[in-house]
S.K.: 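What follows is a single structure, and I will ask about it in a moment.
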Amino acid sequence: MTTYTERQSQERDVRDLLSLKGQVAIITGAAGWLGAAMSRALAEAGATVVVTSRSEARAAELAESLPGSGHLGLALAQDDTDGLDDFVAGVARRLGRVDALVNNAYGGTGPSIDQTTAADFDRSYHTGVTAYFILARAVANHLRERGAPGSIINIASMYGVVASYPNAYVGYNINSPAHYHALKGGLVHLTRHLAAYWAAYNIRVNALSPGPFPPSRVNDANPGFIERLEEKVPLGRVGRPSELKGAVVFLASDASSYVTGQNLLVDGGWTIW
Ligand SMILES: NC(=O)c1ccc[n+]([C@@H]2O[C@H](COP(=O)([O-])OP(=O)(O)OC[C@H]3O[C@@H](n4cnc5c(N)ncnc54)[C@H](OP(=O)(O)O)[C@@H]3O)[C@@H](O)[C@H]2O)c1
């Protein structure tokens with residue numbers, strides 16, 4: 001029988017499993033409310049991080065602020081899906097590799113259910129699902145060419161798993177739009193599909209679904225809204241962006257080497273009842 005010491009010597013230390021040293025990670029929509037914290041997490045774990053924004057200046061400012069060196073801030077508007085393969089190829093050329101992708105950018109509209117149009121559905125799906133797929137496939141193809149493992153993380157939402165909570169929105173000019181629910185649910189399932197196809201290459205695909213993380217600007221413009229959300233959260237409060245840091249590093253790193261096709265909900269317990 002092997003001793004504890006022998007078994008320990010066969011295992012990797014958990015700090016090593018969580019390390020992203022030597023790896024390159026791309027995160028889209030990085031300059032936003034949640035993206036900036038996740039970008040910092042990837043950099044703190046040792047990755048060289050490629051942060052994107054539609055504004056090159058915003059991306060460059062964020063890249064400059066990250067711990068470590070060699071980070072890149074690049075402009076990326078993902079409405080134009082034709083350019084996404086070239087974007088990934090360009091990063092791989094410039095940095096020599098891409099190991100992880102965090103599909104995070106989203107910019108859909110927020111009309112009420114009565115005012116939602118077909119165009120709201122089409123535009124948001126294009127940016128929030130189609131573009132995620134094209135970027136994921138470009139990274140997967142790069143990894144397959146390199147014969148390297150990798151991790152793709154799709155930022156979905158608790159609203160891809162449970163229905164809206166209409167009472168939270170009554171009286172405010174904020175909505176939980178129909179197309180958002182449809183596309184985030186689709187994204188969770190797309191994640192499973194890609195995981196099934198790419199598992200053979202040791203390319204893991206997972207979703208990370210935030211619960212209620214309203215930006216401070218939402219509360220400033222809608223006093224009382226956050227309290228309504230908090231009443232529904234088992235942990236009794238909304239999330240702070242930094243509370244996604246551990247989850248994104250876990251999914252990007254070897255700490256989750258046997259996890260694929262899953263949806264990790266970071267939601268204060270919203271979806272448990
Ligand atoms: N906050 C929450 O409570 C919450 C809850 C569940 C899920 N989520 C998900 O978490 C992710 C990040 O949300 P967030 O709250 O951080 O939102 P956010 O602050 O609005 O950040 C999203 C970023 O996406 C970028 N973007 C928008 N349209 C784009 C386009 N067409 N092409 C490329 N980039 C585009 C924008 O960056 P630039 O203006 O710099 O280009 C924006 O800052 C989203 O997928 C969202 O659905 C958020």
S.K.: May I ask you to test the S157-Y106 pair for a side-chain heavy-atom distance under 4.5 Å?
M.R.: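 A side-chain contact under 4.5 Å is absent here.
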S.K.: Enumerate, atom names and distances included, each donor-acceptor pair closer than 3.5 Å involving a side-chain atom of residues 85-94, sequence neighbours excluded.
M.R.:
none

S.K.: For the residue pair L72 and L95, establish whether any side-chain heavy-atom pair is separated by less than 4.5 Å.
M.R.: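 Yes, their side chains come closer than 4.5 Å.
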S.K.: List the steps, then state whether side-chain contact (heavy atoms from CB on, under 4.5 Å) holds for D82 with D80.
M.R.: CA-CA 5 Å; D82 289 345; D80 176 14; 3.4 Å; yes
S.K.: Mind checking side chain to side chain contact (heavy atoms under 4.5 Å, CB included) for T5 and listing every partner two or more places apart, or none if nothing turns up?
M.R.: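 Expected list: T3.
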S.K.: Report yes if the side chains of Q23 and T48 come closer than 4.5 Å at any heavy-atom pair, otherwise no.
M.R.: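 Sidechains of T48 and Q23: no contact.
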S.K.: Rounded to the nearest 0.5 Å, what's the gap from CG on L251 to CG on L264? Could you check?
M.R.: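 Here the interatomic distance stands at 5.5 Å.
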S.K.: Just say parallel, tilted or perpendicular for the rings of Y159 and Y169, cut-offs at 30° and 60°.
M.R.: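 Plane angle between 30° and 60°, so tilted.
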S.K.: Quick one: which residue pairs count as a salt bridge (charged side-chain N to carboxylate O under 4.0 Å, His left out) with a foot in residues 56-77, not counting sequence neighbours?
M.R.: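 As it turns out, there is no salt bridge (charged side-chain N to carboxylate O under 4.0 Å, His left out) pair with a partner in residues 56-77 once direct neighbours are skipped.
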S.K.: Mind checking side chain to side chain contact (heavy atoms under 4.5 Å, CB included) for T117 and listing every partner two or more places apart, or none if nothing turns up?
M.R.: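 By the side chain to side chain contact (heavy atoms under 4.5 Å, CB included) rule, T117 matches A119, D120.
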S.K.: Considering residues at least two apart in sequence or located in another chain, which fulfil the ring pair (Phe, Tyr, Trp, His ring centres under 6.0 Å) criterion with Y172?
M.R.: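 Listed in chain order: F225.
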S.K.: Verify, without hydrogens or angle tests, whether Q262 (side chain) and T260 (backbone) share a donor-acceptor contact under 3.5 angstrom.
M.R.: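 Yes, because the side chain of Q262 sits within donor-acceptor range (under 3.5 Å) of the backbone of T260.
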S.K.: Could you state the interatomic distance from OG (S253) to CG (L18), rounded to the nearest 0.5 Å?
M.R.: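 Reported value, rounded in 0.5 Å steps: 4.5 Å.
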S.K.: Flag yes if L20 and V51 sit in one hydrophobic cluster, no otherwise; membership is Ile, Leu, Val, Met, Phe, Trp, Tyr, and two members link when side-chain heavy atoms are under 4.5 Å apart.
M.R.: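 Same cluster: L20 reaches V51 through Ile, Leu, Val, Met, Phe, Trp or Tyr contacts under 4.5 Å.
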S.K.: Indicate whether the side chain of S256 and that of R204 have a donor and an acceptor atom separated by less than 3.5 Å.
M.R.: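 S256 vs R204: donor-acceptor pair found between side chains.
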S.K.: Can you name the nearest heavy-atom pair linking G261 to N206, along with the distance?
M.R.: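 Looking at all heavy atoms of both residues, the closest pair is N-OD1, 3.2 Å.
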S.K.: Side-chain donor-acceptor pair under 3.5 Å between T81 and H126, yes or no?
M.R.: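 Yes, side-chain donor-acceptor contact under 3.5 Å.
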S.K.: Would you say CZ of R15 has more than 12 non-hydrogen atoms from neighbouring residues, nucleotides or ligands within 6.0 angstrom?
M.R.: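 For R15, atom CZ is not crowded (no more than 12 foreign heavy atoms under 6.0 Å).
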S.K.: Tell me if the CG atom of N173 is crowded by more than 12 foreign heavy atoms within 6.0 Å.
M.R.: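 Count not over threshold, so no.
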S.K.: Enumerate, atom names and distances included, each donor-acceptor pair closer than 3.5 Å involving a side-chain atom of residues 183-199, sequence neighbours excluded.
M.R.:
unit_1 : atom_1 : unit_2 : atom_2 : d
K184   : NZ     : I155   : O      : 3.0
H189   : ND1    : R192   : NH1    : 2.9
T191   : OG1    : N154   : ND2    : 3.1
T191   : OG1    : L187   : O      : 2.7

S.K.: Going by side chain to side chain contact (heavy atoms under 4.5 Å, CB included), name the residues that satisfy it together with R12, two or more places apart in sequence or in a different chain.
M.R.: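 R12: side chain to side chain contact (heavy atoms under 4.5 Å, CB included) contacts with D16, L17, D254.
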S.K.: For A37 versus S242, what's the shortest heavy-atom pair and its separation?
M.R.: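 Looking at all heavy atoms of both residues, the closest pair is CB-N, 4.1 Å.
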S.K.: Please list every donor-acceptor pair under 3.5 Å in which a side-chain atom of residues 214-222 meets a protein atom from a residue at least two apart or in another chain.
M.R.:
unit_1 : atom_1 : unit_2 : atom_2 : d
N222   : ND2    : V218   : O      : 2.8

S.K.: In chain order, what residues pass the side chain to side chain contact (heavy atoms under 4.5 Å, CB included) check against P149, with sequence neighbours excluded?
M.R.: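 Scan of P149 (side chain to side chain contact (heavy atoms under 4.5 Å, CB included), adjacent residues dropped) gives N202.
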S.K.: Can you name the nearest heavy-atom pair linking G110 to N175, along with the distance?
M.R.: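 Smallest interatomic distance, heavy atoms only, reads O-ND2, 2.9 Å.
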S.K.: With a 4.5 Å limit on heavy-atom distance, are the side chains of L76 and R54 in contact?
M.R.: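 They are not in side-chain contact.
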S.K.: With the side chain counted from C-beta on, respond yes when V266 and F213 share a heavy-atom pair under 4.5 Å apart, and no when they do not.
M.R.: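 Result yes, sub-4.5 Å side-chain heavy-atom pair found.
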S.K.: Is atom CD of E6 surrounded by more than 12 heavy atoms (other residues, nucleotides or ligands) closer than 6.0 Å?
M.R.: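 Atom CD in E6 is packed in, count exceeds 12.
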S.K.: Once you round to the nearest 0.5 Å, how far does OG of S53 lie from CG of L62?
M.R.: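 Taking OG in S53 and CG in L62, the distance rounds to 9.0 Å.
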S.K.: Tell me whether H179 contacts the main-chain N or O of R123 through its side chain, where contact means a donor paired with an acceptor under 3.5 Å.
M.R.: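 Absent.
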S.K.: Are any non-hydrogen side-chain atoms of P212 and M158 less than 4.5 angstrom apart?
M.R.: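 They are in side-chain contact.
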S.K.: So which heavy atom on P111 is nearest to which on P177, and how close?
M.R.: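 Smallest interatomic distance, heavy atoms only, reads O-CB, 4.0 Å.
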S.K.: Hydrophobic clusters here meaning ILVMFWY residues chained together by side-chain heavy-atom distances under 4.5 Å, can you tell me if Y132 and Y180 are in one?
M.R.: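 Yes: a chain of side-chain contacts under 4.5 Å links Y132 to Y180.
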S.K.: Any chance OH of Y201 has more than 12 other-residue heavy atoms, nucleotides or ligands included, within less than 6.0 Å?
M.R.: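 Counting other residues, nucleotides and ligands, OH of Y201 stays at 12 neighbours or fewer.
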S.K.: Determine, step by step, whether L135 and Q78 satisfy the side-chain contact (heavy atoms from CB on, under 4.5 Å) criterion, reporting the C-alpha distance in whole Å, the side-chain angles of both residues, the deciding distance to 0.1 Å, and the verdict.
M.R.: CA-CA 9 Å; L135 281 167; Q78 61 191 53; 3.9 Å; yes
S.K.: Are the side chains of M38 and L208 in touch, meaning some heavy atoms are under 4.5 Å apart?
M.R.: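 Yes. Closest side-chain heavy atoms under 4.5 Å.
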S.K.: For the CD1 atom of I152 and the CG atom of L101, what is their distance to the nearest 0.5 Å?
M.R.: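 Rounded to the nearest 0.5 Å, the CD1-CG separation comes out at 6.0 Å.
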S.K.: Output a table of donor-acceptor pairs, distance under 3.5 Å, between side-chain atoms of residues 232-239 and any protein atom two or more places apart or on a different chain; print 'none' if there are none.
M.R.:
unit_1 : atom_1 : unit_2 : atom_2 : d
R237   : NH1    : E243   : OE1    : 2.9
R237   : NH1    : E243   : OE2    : 3.4
R237   : NH2    : E243   : OE2    : 2.7

S.K.: Apply side chain to side chain donor-acceptor pair (under 3.5 Å) to S164 and list each qualifying residue two or more places apart in sequence or on a separate chain.
M.R.: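 Here the qualifying residues are S176.
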S.K.: Is there a path of hydrophobic side-chain contacts, each under 4.5 Å between heavy atoms of I, L, V, M, F, W or Y residues, that connects V249 with V98?
M.R.: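 No; V98 is not reachable from V249 via cluster members.
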S.K.: For the atom pair CD (Q10) and OG1 (T2), what is the distance rounded to the nearest 0.5 Å?
M.R.: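 Taking CD in Q10 and OG1 in T2, the distance rounds to 6.5 Å.
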S.K.: Is there a donor-acceptor contact under 3.5 Å linking the side chains of T28 and N104?
M.R.: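 The answer is no; no qualifying pair exists.
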S.K.: Treat each ILVMFWY residue as a node, draw an edge where side-chain heavy atoms are under 4.5 Å apart, and state whether I134 and V205 are in one component.
M.R.: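 As far as the 4.5 Å side-chain criterion goes, V205 and I134 are connected within one cluster.
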S.K.: Considering non-hydrogen atoms only, spot the tightest contact between V259 and F250 and give its length.
M.R.: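 Minimum heavy-atom contact is CG2-CZ, 4.2 Å.
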S.K.: Which heavy-atom pair separates I203 from R144 by the least distance, and what is that distance?
M.R.: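 Residues I203 and R144, closest heavy atoms: CD1-CG, 3.9 Å.
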S.K.: May I ask whether V161 and L34 are part of the same hydrophobic cluster, defined by side-chain heavy atoms of I, L, V, M, F, W, Y residues being less than 4.5 angstrom apart, directly or through others?
M.R.: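 Different hydrophobic clusters.
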S.K.: Taking side chain as C-beta onward, heavy atoms only, is V50 less than 4.5 Å from I27?
M.R.: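 Of all side-chain heavy-atom pairs linking I27 with V50, none is under 4.5 Å.
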S.K.: Rounded to the nearest 0.5 Å, how far apart are OG of S39 and CD of E44?
M.R.: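 The OG atom of S39 sits 10.5 Å away from the CD atom of E44.
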S.K.: By side chain to side chain donor-acceptor pair (under 3.5 Å), which residues pair with R97, not counting sequence neighbours?
M.R.: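 Residues passing side chain to side chain donor-acceptor pair (under 3.5 Å) with R97: D99.
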